[in-house]
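Presented below is the structure to which this report refers.
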Amino acid sequence: MTGNRLFRPLLIASVLLALALVAAACGEDAEPADTTQATDTTAPPATDAPDPDAPATTEVPAPTSEKIIVSLSTDINILEQHLFRSTGSYAVTRALYQPFLDQVYVDEGGARLGTSEVVPSPLLDSYEVADDGTATFTLNPDAKFASGDSITAADAVYMLRRSIEAPGSYIPLLLPFIAIDSPDAFTVVDELTFTITPNQPTALFGRFMTFQVFGPLQESLANEQATEEDPFAFDYFTTNANASGPYTLTSWDQARGEVILDPNPGWPGQVANGGIIVRNIPDAEQRALLLQNGDIDVAVGLPPRLVSELADDPNINVYTAPSTRVNYIGMNATTDPNLSNKLVRQAISYAVPYQALLDNVMFGFASTAGTLITSPMETYQGDAAGIYTTDLAKAQALMDESGVAPFEVELAVQNARSQDQEAAVFIQDALREIGITVNINVLPQGEYSEKLNGREFAMFFTEWFSWGDDPFYQMTFLAKCGAFTNFADGCNERLDEIIAEGTFETDQQRRNELGLEAQQLMVEDANRIYLWSEDWILATGANITGVTKDFTEVPRFENLSKN
Amino acid sequence: MAAPKRAATLLSKVGMRRYLAKRFAISLLTVFGIVVVVFFIVRVVPGDAASLRAGPYATEERIQYIADQYGLNDPISEQFVDYMSGFVRGDLGVSIRTNQPVLGELLDRLPASLELALYSVLLAVLIGVPLGIVAAARQGSWLDNSARFFAVIGSSMALFWLGLLLIFFFAFGLGWFPGPVDRLAVGTAPPPTVTGFYTIDGVLSGQFAVAWEAVRYLALPVFTLGFVLAASILKMVRVAMIEALDSDYIRTAKAVGVPRMRMLLVDGTRNALIPVITTIGIVLGFMLGGNIIVEFLFSWPGVGRYAFDAISTSDLESLQGFVILVGILYVILNIVIDVAYALADPRIRLGGSAST
Amino acid sequence: MSLLEVQGLSVGVAGSPHLLLRDVNFDVKAGEVLGIVGESGSGKTMAALAVIGLLPNGIELRGGSIKLENLELADADRASERVTADISMIFQQPRSALNPTMRAGRQVARVLETNQDLGKKDAKAHSIEMLRRVGISGADRVARAYPHQLSGGMCQRVMIAMAMACRPRLLIADEPTTALDVTIQAQIFDLIRSLVAEIGCGVLFITHDLAAVAEMCGRVVVMYGGQIMETAGITDLLDDPEHPYTRYLLEATDKEVDHRVIDVGVNFALKGCRFSHRCPHAYHACNEFPPLFAIGDGHASACFLNKEGRVVTS
Amino acid sequence: MSLLEIRGLHKVFGHGSKAVPALRGVDLEVHRGETVGLVGESGCGKTTLGRIVVGLQAPTAGDVIFDGQRLEDLVGSKGFRSRIQMVFQHPDSSLNPRFRAGTTVREPLQLMKGGSRSDIEKEVDEVLTLVGLGPAYKSRLPRELSGGQQQRIAMARALMSEPELVVLDEPTSSLDQSVRGRIISLLREIQSARNVAYLFISHDLSTVRRIADRVAVMYLGRVVEVAETEEVFESPQHPYTKALLSAVPSFDPNQRTRRIILKGETPNPADVPAGCAFQDRCSLVHGRCREEMPKLETFTSGHDVECFAVPTLAASG
Amino acid sequence: MTETVPDRSPEFVPEEFEGPDRQSRTKMSLGFVRRKPLLVVGVSLLVLLVGLAIVGPFLVGDPLSTDPANTFQAPSAAHWFGTDRFGRDVFARSVHAARLDLTIGITISLLALTVGSFIGVIAGYFGGSTDEVIMRLTDVVLAFPGFVLALIIVAALEETMVNVILAVSVAFVPYFIRLTRAQVLKERELEYVDGARLAGNSSMRVAFRHVLPNSLGPSVVGATLVTGYAVLTVAGLAFLSVGIQPPTPEWGVMVGEGAKDIITGEWWTSMFPGGMIVLAVMAFHFIGDEFGGEAAS
């Protein structure tokens with residue numbers, strides 16, 4: 001046919017295009033190392049770029065240490081130390097703001113694990129606590145902001161006051177535990193000395209002072225940037241920083257979720273690397289992949305299943321340590337009348353497949369929770385307290401005894417929390433066995449916390465992590481009658497008494513007794529299903545050392561180094 | 001016969017100008033409608049914006065403080081007036097999640113989306129148009145049937161599934177392309193911004209390695225989208241071309257001896273491409289927002305990914321901004337398309353009798 | 001010798017056994033206007049499209065020969081090469097027959113470019129001249145206009161200019177004036193006649209209007225249901241119609257008829273004469289396909305009966 | 001008194017600069033039981049006139065008086081619908097493709113007259129028989145009918161309400177020649193059976209000649225000549241009528257020699273010159289034609305012409 | 001007619017050729033398969049899927065039943081599509097999902113068709129300012145890509161199944177408004193509409209009894225395509241964890257859940273349900289395309 005001749009050009013064009021595509025794809029194969037080369041050749045100019053916040057970048061005497069790439073699972077959204085909203089933000093602000101105290105660390109399995117002993121951080125020359133609890137801090141005269149200005153006692157006190165007075169900061173939640181209720185507790189003694197005077201001595205004071213929210217902020221800069229509507233310059237510090245910590249903010253590309261940090265020349269401590277690139281890579285699978293390929297050095301927040309896979313990879317180090325974190329499902333008796341029956345709650349607690357959750361959701365990277373006092377936590381006495389193990393027969397018996405007819409209940413889960421969602425599937429299936437139909441409701445974070453705060457959920461997942469590792473502190477938040485964060489709304493007056501007594505109790509024996517009774521009460525009340533206590537996990541390339549776990553369990557950068 | 005419909009006036013410039021003016025007026029109206037619709041849809045969202053802004057564990061005082069600060073206690077009509085007046089000044093509000101102006105955040109991310117969109121559409125046009133023409137010209141042949149088969153598969157393809165498939169085979173399996181991470185490798189600094197397109201900026205600044213890397217990172221998402229888009233373009237080109245080839249004027253061209261190839265390209269394609277302009281517009285419009293899935297899948301730092309993050313964190317202010325931006329882009333795009341359409345079709349350009 | 005000779009032409013829909021054109025024979029001499037007249041569905045347009053090689057998709061030649069000065073056109077391969085220059089065609093809907101996105105002058109010019117090897121510039125000048133010759137006043141202006149800016153009559157003139165620009169030896173005019181007003185029709189008829197006289201080409205003039213045939217043609221082919229009923233010189237046909245269908249058609253134009261006879265559509269499945277299901281004289285023989293019986297000089301009728309009702313034998 | 005009287009009817013489509021006048025002052029009468037043929041070329045306004053008469057469109061100005069009452073007063077009133085009906089040009093599209101013939105024909109009765117089922121059915125059968133089809137056709141869908149049969153159904157629908165006037169808008173122009181004749185005969189028979197008046201709109205002069213009692217010729221929104229049919233065909237007066245008649249193809253070779261080929265084309269209705277609309281194409285044009293619009297004036301009794309040149313011709317001829 | 005000619009012989013019956021007459025019977029024959037291969041593929045696929053959706057759930061296991069001992073089993077005779085991270089049978093889930101997805105898709109499409117064509121007729125038939133207002137509103141809705149519109153509506157409402165259906169329907173309504181309106185505008189010009197008016201129909205009756213049924217053709221074809229797009233949209237939303245949520249057996253949910261497993265090599269948890277989506281959508285598109293449907297925006 002004549003047609004063939006005439007259409008050939010078009011046909012050929014299409015075929016060529018297709019071939020070109022294939023060729024383009026195949027062409028990649030020839031140069032697998034190309035990506036890294038590109039990285040090497042192009043990265044320096046950008047990092048060398050002069051930055052007003054970090055004029056001294058090039059002076060850092062660390063020519064051999066490259067930047068370490070840390071990938072996070074969350075947004076880096078606010079660099080304001082008092083308003084941070086995500087782990088990512090917290091990690092970066094911790095790098096930018098140096099608290100006055102730090103923990104003592106011990107080496108364990110290649111990682112530096114924080115102990116509960118605290119020492120002055122490089123910002124301080126000395127730190128003393130008097131018997132009445134008054135703490136005197138003397139600043140290191142060499143400690144400087146990234147701008148080169150010295151850090152003064154006035155800056156420290158400004159920051160402390162700000163943390164209390166600024167609307168929107170949730171630091172005030174912390175202060176009752178260190179017995180501080182007014183800005184008058186903070187005093188400038190001289191240029192380098194200031195004091196903090198709590199109402200009474202507390203066990204937690206030193207621990208709290210290691211949190212980045214108590215890192216100095218330059219008063220003069222804050223006043224300069226303040227406006228009438230925004231007297232504490234929150235807007236400015238949301239995107240800018242004059243660092244007092246180990247790093248300065250070199251660049252922040254919000255769209256890519258990338259922050260570049262360079263060592264802060266004014267920081268009196270020792271930074272073990274040439275800087276940090278923090279990247280938000282929300283997808284855990286991608287973080288794992290990048291880590292395997294060596295594209296990133298540190299991956300935070302990998303799900304247990306991936307960690308268990310990566311643990312076998314010789315190029316990857318996986319660090320884990322038990323944590324006092326508690327993962328539970330709250331059962332709100334007031335929201336759902338069926339749950340007001342204690343026997344039903346107990347039945348549910350017996351029905352949950354705890355071991356399957358530990359094995360198939362957490363892949364072993366968790367320990368038994370038991371109650372709000374989790375197994376790694378001080379005063380834990382699980383078996384003695386009679387914590388729940390899976391026993392469907394008992395569960396069914398309790399259901400029968402309760403006389404409650406089979407019912408439906410909603411179980412709320414946050415959309416971003418995949419382990420919770422996975423656990424929900426097992427729990428849904430398990431509760432069917434005792435006639436309870438669970439409807440899983442997955443909600444976005446904002447809506448979830450709002451409804452959680454509003455006590456709208458009958459059953460809901462929560463994870464809680466108390467900075468400071470204290471059982472009574474933990475229970476104050478989660479179990480105290482009427483506590484804002486007691487989302488399950490359970491209330492036991494005896495438990496309240498125990499908490500009140502335990503919080504300031506210093507005798508270990510007594511603490512253990514109180515702990516055991518509290519655990520027994522919590523088992524009996526069964527206001528929550530205590531699912532597991534999640535381990536602290538960090539995965540890095542095999543050439544990375546200096547992994548640090550502190551009270552907050554948020555990644556610390558300054559000790560990381562790459563060989 | 002029928003009532004006179006034909007006012008065959010030879011107006012050209014006046015007609016075009018009037019056409020554009022009308023088009024523009026309608027667009028303004030549409031934009032207004034978009035803002036209204038989005039504003040009110042977002043306001044019915046369950047949840048109190050103030051407590052969302054305050055974040056978890058916020059105290060009542062903080063929530064009240066925030067509510068006052070953002071005027072959330074005002075009557076909805078007042079809030080709307082505020083939003084509108086802000087909108088007119090180019091203010092789309094402040095993100096709940098990040099406390100940053102939404103417009104700025106969106107504009108930061110727009111180049112990534114546009115780069116992805118344009119390459120995808122380009123690929124789709126390069127595949128879809130020639131294949132569509134060939135299929136139409138050889139209607140009923142095996143080639144036509146394969147093209148149609150491809151078109152159906154393409155338009156039936158679930159983007160996320162195709163994306164996964166490609167990632168599975170080409171990134172994880174064969175390792176030909178980088179994993180679905182970003183526009184560039186972690187650690188590669190983007191080239192100096194000129195257009196915001198890394199491929200172009202890389203070339204402009206002489207950083208060819210970066211440009212090439214950008215191409216490699218673009219490849220899979222572009223192919224994912226391009227494949228799907230090519231299908232709809234192919235389908236439309238084929239239909240339009242068949243219609244054109246079936247038309248009386250093609251028969252005329254044949255009857256007076258216009259060579260077949262010329263007839264195909266000049267008479268056929270030219271006329272067939274007029275409706276295709278609309279399709280490409282629709283496709284581009286689809287891309288402006290439809291790429292949420294692909295941007296999510298490939299962690300592409302564009303506006304779609306931004307929208308996804310906004311949804312999953314209930315950041316309605318950002319979501320609202322995104323939807324409005326997409327709506328406006330779409331409206332602008334439509335004007336451009338209509339003008340292109342009018343330029344391509346003298347019946348519209350010159351006014352007169354064309355009744356569509 | 002005939003310019004165009006069509007013999008035994010059969011055309012059918014792909015996949016269907018029934019023929020849309022069945023054993024069609026006619027010829028056109030140079031300088032002659034041959035009319036093909038028939039009602040809708042008679043196959044007259046199909047015959048024309050078969051001749052010019054533009055059968056619609058899905059319709060195929062089933063047999064017969066089409067010879068233009070001894071060049072066989074029914075052979076698909078050679079058809080596309082020749083047809084264009086030697087045969088051109090004008091259509092019923094002048095406006096849609098022109099490319100809506102191309103200026104009228106350009107449409108004429110490019111025909112000149114391809115068929116007369118003119119350069120762009122010459123072709124343009126020539127095209128305006130062409131437009132002038134088809135009676136367009138203000139040809140410059142019309143040449144710059146797009147089809148939608150022109151009236152139907154004007155479009156038909158442009159169409160004719162294009163057809164004539166090929167200098168065809170055969171012009172097919174398929175109901176060229178059906179869509180036009182009667183006063184415009186008169187103008188177009190006039191134009192066609194004068195151009196034919198000037199160029200000397202043969203014309204295949206297709207229409208449903210017997211009166212138009214009477215005006216334009218020397219000889220007529222009457223078709224019904226894809227089949228030739230009668231061919232004759234125009235005077236013979238009007239004065240002395242032979243075939244029952246022709247007579248029926250002529251009577252319908254001016255005589256009172258019985259309205260109770262219900263018209264039915266063409267049945268392409270009929271074995272015999274396609275008119276037999278309507279024919280008032282049909283009898284058993286009509287289930288055979290009737291050949292054309294010659295009755296006189298250039299006069300033939302496809303009916304087993306002559307008009308006296310006697311059976312014809314050939 | 002005439003059944004229908006049209007006086008100074010104007011119709012303008014569109015507004016402002018886009019306004020296109022379709023009718024520019026039409027006068028016409030139709031008497032009971034007669035057939036008036038309305039002829040003219042496309043765009044002359046004849047269809048618009050028909051649609052106004054049946055009330056499908058409203059005039060811009062002027063009066064339509066039906067049986068002594070103004071149409072605009074009648075349109076809303078009950079029973080008016082049934083008195084004037086219309087048959088359309090395209091039989092294939094004038095019937096609802098989803099309705100069986102019976103449904104189509106029954107509908108006017110049900111909606112406008114009512115009555116018992118059996119009465120309606122009886123009447124349907126009767127009218128179907130009248131149009132030459134019979135009850136057997138009730139179950140047919142339009143696509144199962146030939147063009148002529150469709151047109152018969154359309155006529156049956158129009159006749160169901162026993163109208164006094166039927167506007168026939170080119171009812172035969174889409175039909176084949178052989179069918180056309182039958183429909184004309186049918187129309188005649190219906191007229192004698194029901195004493196219905198026809199306004200027969202057509203561009204086909206030979207068909208009009210066969211059916212009309214009187215003929216009105218329209219050009220660009222005006223009636224330019226009106227007379228008894230034979231008078232118009234045998235003794236046309238307006239130069240346009242003459243040209244129109246002479247342009248019709250004919251079996252008669254002599255006709256061709258008398259042919260008047262008009263110059264140019266009908267002007268754009270949006271842009272009609274001042275004075276006589278026919279001036280640019282007319283061989284008899286003189287100064288007055290360009291300044292003043294001629295009026296329809298009596299040439300002989302029952303023969304009105306709208307041309308300044310005509311009385312002169314009459315006098316000299 | 002003419003006296004000299006004998007009348008039609010009363011015994012004469014015109015004979016026809018044997019075999020199929022015109023299209024009606026040929027359509028049923030095998031030639032049909034050859035001429036419309038895509039339609040045949042589409043219909044067979046659809047019949048298969050609908051059958052699976054209706055009967056399947058009775059034949060396969062419980063889609064929610066977990067089995068911690070048998071997680072991530074590769075496809076085998078026991079588990080055709082393997083098992084997922086909960087030890088659930090992917091095939092059982094896919095089959096249950098077929099019922100859900102097809103029901104949702106068809107519901108959305110019918111809902112949008114009904115509402116869209118109703119509004120479309122009103123806009124097209126009554127025209128004028130009614131039309132203008134409706135079309136401007138349609139413009140506004142069309143300014144959002146359908147997916148985005150559905151997304152914000154679902155995000156704005158409670159994420160229930162009903163809301164997903166409503167939200168996605170809203171996104172497709174303008175498509176049907178436009179299709180119907182365009183067809184009504186064509187249809188309105190036809191003479192039977194005037195005929196109906198003259199037959200005494202009120203304008204409402206003309207619009208809905210005469211014009212609407214004749215204008216539905218393109219919309220009905222469009223509806224087959226929209227059914228496919230609706231399935232895609234719902235699944236896409238579910239993939240993004242918007243709308244239908246895990247552990248509901250729904251294809252998009254399943255792909256979303258399974259996407260995590262790709263990196264560890266368990267391709268079957270996402271590939272099979274994804275393939276089902278594509279097959280289902282293809283079935284509708286093969287059918288819709290064959291009847292001349294065009295891509296919905």
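The sequence lines fix the lettering, A, B, ..., with proteins before strands; numbering per chain opens at 1. Values below: every heavy atom of this structure, side chains too, minus hydrogens, waters and symmetry copies.
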Heavy-atom pairs under 4.5 Å with chain E, option from Gln421(A), Arg305(A), Gln428(A) with the top count = Arg305(A)
Under 4.5 Å from a heavy atom of chain A, the part of Thr71(E) involved | side chain
Aromatic ring pairing [X]/[Y], orientation class (parallel under 30°, perpendicular over 60°, tilted between):
X         : Y         : answer
Trp267(E) : Phe272(E) : tilted
Trp80(E)  : Phe91(E)  : tilted
Phe460(A) : Phe487(A) : perpendicular

Please walk me through it: do Asp62(E) and Arg432(A) pass salt bridge (Lys or Arg N to Asp or Glu O under 4.0 Å)?
-> CA-CA 12 Å; Asp62(E) 186 337; Arg432(A) 281 202 300 182; 2.8 Å; yes
Under 4.5 Å heavy-atom distance to chain E, tell me which part of Leu306(A) shows up: side chain, backbone, both or neither.
-> side chain
Residue Glu285(A) versus chain E: region with a heavy atom under 4.5 Å | both
